[in-house]
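Here's the structure we're looking at; comments come further down.
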Protein chains: 2
Amino acid sequence: MPRRPTVSPDRILAVAALEFAERGYAGARVDRIARRARVNKAMLYYHFGSKQALYRALLRQIFSSAAGRLHAIATSEAPPDQKIDRVIGEMAAFIAEHAFFPAIMLREVAEGGAHLDRDTLKALAGVPLAIGAIVQQGVAQKTLRSVHPIAAYFTMFAPILMYLAGTPIRKELAARHLGDMSSLPPDLFVQQLQRSVRLAFAVPRTRQPARHTRHHPHRTSHLAR
Amino acid sequence: MPRRPTVSPDRILAVAALEFAERGYAGARVDRIARRARVNKAMLYYHFGSKQALYRALLRQIFSSAAGRLHAIATSEAPPDQKIDRVIGEMAAFIAEHAFFPAIMLREVAEGGAHLDRDTLKALAGVPLAIGAIVQQGVAQKTLRSVHPIAAYFTMFAPILMYLAGTPIRKELAARHLGDMSSLPPDLFVQQLQRSVRLAFAVPRTRQPARHTRHHPHRTSHLAR
DNA sequence: GTCTATACTTCGATAGAC
DNA sequence: GTCTATCGAAGTATAGAC
């Protein structure tokens, strides 16, 4: 995937991704997108028709791409707990390639899908569906403890999305000496999240039929960092 | 300063919270806020001066309030693992009282704090700082496993924020038959998250039973309120 | 403090030549 | 396909009477 697309529509989409991520749908300016893509504004309308159509085209593309990569993991041959580890890593990799993704995703969640049509919503839904499939499989075959797929989805993905989307504001806070929130680099964050999720979803090793069942994590072999 | 408004700026703030949560800073309309608050637009400017000043006043208030409640838990007398359980419950309760909070928080993270001044950023930073303090305490006294405070913050809070902010879009997906994402009610989600975090942050069980353990983690279910 | 009316600006979108 | 020029709507903000 070329960093600098030479075809106008692709270049427009690439620039629009940055603009919509930085400013949101309402805050994005068609003029600015056109200028940053080095095309005329009339050219942009020639290719996409409207600001809304451009937005939808962009989100369909990015959500389909993300969902596709997660779906590939979901349908692969591996134990569910391994798939979960890989899904978190894959998501981090996807965001490393598409730095604008977290902000757009967060904004669209807050927006309630207001600017999206059915096709785009369907593409968006592909992400949680892929994760849900993995979890359901693991729960069914008892390689994961009984977690609700929706709860699992948010437990795995919300942290990495918000952590990466929040990089600018953490920098801002650090620059203004309002607390050091920048000391944890992304790759270490991903490792910590993978371990937390592993522990959170693991099948309890021993069952203690006490009044209040307390589930202890097992897998002590994973403890060495 | 004494104020005896026939029309309260508080009503403007309450309505602004809904508008900014639904549409974001750029998408919010001063006209609409004024109309929904049943005040004249000139009245709004009389009290707050500008759209930006209104936004900042709102966010300072809401972030200070949230951070205050978490800070109270952080400085209370309880084992860290209990505080963590309580903090998650308290956050859920806070959002139940302020349904607009998750969307505003998500949008502001994506925005990178672009419209905020130093005071408002400081109020915002109070939330992760309160959580970080709890985790650091627990790690230091070895009642929590070694988790980075920032990683812990996002692991605990991002899921509940995104889950609750995402309620409208899940409804939209369900209404369009694009996957049933609405089957998990909020209180069950909170319980599942509390358990996941408990398991994720628990001190790994040693093979041999420890002889003198001071503080035993207790299973608690603090769905505050 | 509260209102009506309006000034000023910006933005999305289009017309029409080439 | 690409450009310049511009329109009309919508937005923030203010003036000034009461």
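Below, each value reflects all heavy atoms present in this structure, side chains not excepted, and no hydrogens, waters or symmetry copies. Labels below follow one simple rule: chain letters A, B, ... track the order of the sequence lines, proteins then strands, and each chain is numbered from 1.
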Rounded to the nearest angstrom, tell me the gap between atom [atom1] in [X] and atom [atom2] in [N].
X: A/Phe48; N: C/dT14; atom1: CZ; atom2: P; value: 16 Å
X: B/Lys41; N: D/dT14; atom1: NZ; atom2: C1'; value: 10 Å
X: A/Lys51; N: C/dT14; atom1: NZ; atom2: P; value: 15 Å
X: A/Leu54; N: C/dA13; atom1: CG; atom2: P; value: 10 Å
X: B/Tyr55; N: D/dT12; atom1: OH; atom2: P; value: 14 Å
X: A/Leu44; N: C/dG12; atom1: CG; atom2: P; value: 10 Å
X: B/Met43; N: D/dA15; atom1: CE; atom2: P; value: 16 Å
X: B/Arg35; N: C/dC3; atom1: CZ; atom2: P; value: 15 Å

Phosphate OP1/OP2 of C/dG12 contacted by A/Arg29 side-chain N/O (<4.0 Å): yes
Presence of B/Tyr45 side-chain N/O under 4.0 Å of D/dA13 phosphate oxygens OP1/OP2: yes
Parallel, tilted or perpendicular, as decided by the 30° and 60° cut-offs, for the rings of A/Phe189 and B/Phe154: perpendicular
With respect to the side chain of [X], which nucleotide from [options] is positioned closest?
X: A/His47; options: D/dG1, C/dT2, C/dA13; value: D/dG1
X: A/Asp31; options: C/dG12, D/dT2, C/dA15; value: C/dG12
X: A/Tyr46; options: C/dT2, D/dG1, C/dT14; value: D/dG1

Sugar-phosphate, base or nothing in reach of A/Ala26, heavy atoms under 4.0 Å: nothing
Sugar-phosphate, base or nothing in reach of B/Ala34, heavy atoms under 4.0 Å: nothing
Candidates A/Arg32, A/Arg29, A/Arg36 - the one meeting salt bridge (Lys or Arg N to Asp or Glu O under 4.0 Å) with A/Glu22: A/Arg36
Name of the residue among B/Ile134, B/Ile73, B/Leu70, B/Asp81 meeting side-chain contact (heavy atoms from CB on, under 4.5 Å) with B/Arg86: B/Ile73
Residue from B/Tyr55, B/Phe100, B/Phe101 passing ring pair (Phe, Tyr, Trp, His ring centres under 6.0 Å) with B/Phe20: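 Result: among B/Tyr55, B/Phe100, B/Phe101, B/Tyr55 is the only option passing the ring pair (Phe, Tyr, Trp, His ring centres under 6.0 Å) with B/Phe20.
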Exceeds 12 heavy-atom contacts within 6.0 angstrom, atom NZ of B/Lys51: yes
Residue whose nearest DNA chain C nucleotide is more 5′ - A/Arg32 or A/Asn40: A/Arg32
